[in-house]
Amino acid sequence: MVVSSEQDSVTSESDSIKVIAIKLPFDLQERLLSFPFLHALKERYSRAEIHFITPRKNIEVLNLLPFTAYYHEFDEDEFKTVFDVHRFAANAKIFNVDLYISLTNSFVDGCLGIALRAKKRLGFSDGWKTLVFNEKAPRPHGQHISDDFFALYRAHLGEYVNTKLKVMSRELTPVIGDWDSLPYIAINLSPLREASIEDEWIEFISHFENQRIILFSSDEQEKMQVLMDPFLAKLSKKNIYVNFVYKSWIDLAKMLAFAKGVVTYNGPVASLSAYTGSKTIILYDQEDPQRYGPFYFLSDIVIMGANNPTLVNSTEASSGVLKKRATFNMTEVFSKAMDFFRLE
């Protein structure tokens, strides 16, 4: 139980942090996995003005967060030297920064806190970066990506932080008609391998009957559309198929949010689906779920490995060994989908 003096201390500290600037990771997967940390930060500093310094690519995913913030875009090659950082800071119109946080491993990104004249500068202390932060923590090795960011949060607060926070996106609206009367499952056909859609998807889909199935691609949509008609021709005629093409990841999120279930390989779309609250089966073939699994989102997920198609739901330290590409037993994946999604 928090006594009055402790409550007053927390309130005083929260009130002293009025402007927060956060440099987000360029990698989309890491950006999505930073959301639990961003939720916790906003809960702590509910009155603070938040500025995201964010990659222009896929910037729309930030609109899924259930709170408002200012966005300051940058291109992939924009921050190469400290001179680029000072130029950006001079034009960014971010003033009176109380807390700057860098969620990357970049020394140049760390210098941005100095350029913004932030009172507190928080980041990973490895190498030269220790010189530009006055609040810091070494980046953990082998832990979950979200835990990396929570390590910074603990260093900033100097106290225990509950890292088992389960978060979810803001409320979304459907983009697929009749989703309630004609439910659907969504299947991500990415990634393309050797310029073709995996034959195992044909095997997987052939097990279903009388289902509405939304087919989509999380990347290379144009290439996927070239292959889609021949692929559809090979599918069982016992189901209804919808070829879903989207203009933004917000539209993709809206489709996923109202699916009865989602099946996808590992990657950003797995985290996106889990963040929207949709039941998600994730097939891990070349990525470590103990580092990248969407365990901190408020959804039910099933993680299956190519070498061991059993459930994995752990954030214990990773062994660092990536699974080699292998063909999944799609009969087992189908059985899991029927049970997990409660399909008839």
Side-chain angles (χ1 to χ4, degrees), residues 164 166-169 172 174 176 178-191 197-218 231 234-242 244 252-290 292-316 323 325-344:
K164 302 306 179 185
K166 296 281 189 176
V167 300
M168 187 174 173
S169 72
L172 300 172
I176 301 293
D178 301 324
W179 62 272
D180 49 351
S181 59
L182 189 59
Y184 60 88
I185 61 173
I187 299 175
N188 180 17
L189 299 177
S190 294
I197 301 173
E198 289 278 14
D199 287 340
E200 56 194 42
W201 286 126
I202 298 175
E203 176 193 350
F204 175 64
I205 294 171
S206 69
H207 292 294
F208 290 100
E209 293 185 6
N210 303 317
Q211 300 295 331
R212 182 158 69 147
I213 300 176
I214 308 295
L215 302 172
F216 71 100
S217 169
S218 59
F231 178 77
K234 297 177 183 178
L235 298 181
S236 167
K237 303 301 186 290
K238 299 178 181 179
N239 303 296
I240 299 172
Y241 303 105
V242 177
F244 183 73
L252 177 57
K254 290 178 178 179
M255 184 276 288
L256 297 173
F258 290 87
K260 192 147 184 161
V262 178
V263 183
T264 179
Y265 277 100
N266 51 266
V269 78
S271 295
L272 182 72
S273 178
Y275 188 54
T276 67
S278 188
K279 287 186 174 183
T280 309
I281 293 178
I282 310 169
L283 310 180
Y284 274 82
D285 61 344
Q286 294 181 335
E287 192 176 75
D288 192 338
Q290 292 178 349
Y292 294 97
F295 300 124
Y296 297 98
F297 299 140
L298 190 60
S299 66
D300 294 325
I301 61 173
V302 165
I303 291 180
M304 303 181 74
N307 298 333
N308 180 18
T310 56
L311 300 189
V312 179
N313 195 354
S314 169
T315 53
E316 295 177 0
K323 296 179 175 63
R325 171 66 185 143
T327 301
F328 278 82
N329 183 330
M330 284 303 187
T331 301
E332 292 183 359
V333 179
F334 166 75
S335 296
K336 181 59 66 177
M338 289 296 293
D339 177 60
F340 187 47
F341 302 154
R342 297 183 179 178
L343 302 176
E344 298 178 356

**Asked** Does L215 reach the side chain of L235, with side-chain heavy atoms less than 4.5 Å apart?
**Response** yes
**Prompt:** Does the side chain of F334 come within less than 4.5 Å of M338's, by heavy atoms?
**Reply:** yes
**Item:** pair V263-K336: side-chain heavy atoms closer than 4.5 Å
**Value:** no
**Item:** Between CH2 on residue W179 and NZ on residue K254, distance to nearest 0.5 Å
**Value:** 14.0 Å
**Request:** Verify the distance criterion only: is there a donor paired with an acceptor across the side chains of S217 and S190 at less than 3.5 Å?
**Result:** yes
**Complete:** Contacts satisfying salt bridge (Lys or Arg N to Asp or Glu O under 4.0 Å) that involve residues 207-217 (not counting sequence neighbours) are E209-K238
**Complete:** Sorted by chain and number, sequence neighbours left out, side-chain hydrogen bond (donor to acceptor under 3.5 Å, both in side chains) with N239 holds for Y241
**Message:** Between F340 and I281, is there a side-chain heavy-atom distance shorter than 4.5 Å?
**Reply:** yes
**Prompt:** So, do L256 and T280 sit near enough that their side-chain heavy atoms are less than 4.5 Å apart?
**Reply:** no
**Closest contact, heavy atoms only, P183 versus D180** = CD-O, 4.2 Å
**Message:** Please determine whether side-chain contact (heavy atoms from CB on, under 4.5 Å) holds for the pair N188 and V262, giving the CA-CA distance in whole Å, both sets of side-chain angles, and the decisive distance to 0.1 Å.
**Reply:** CA-CA 8 Å; N188 180 17; V262 178; 5.8 Å; no
**Request:** Evaluate the side-chain proximity of K279 to V302: yes if any heavy-atom separation is below 4.5 Å, no if none is.
**Result:** no
**Fill in**
The side-chain hydrogen bond (donor to acceptor under 3.5 Å, both in side chains) partners of S278 (sequence neighbours excluded) come to none
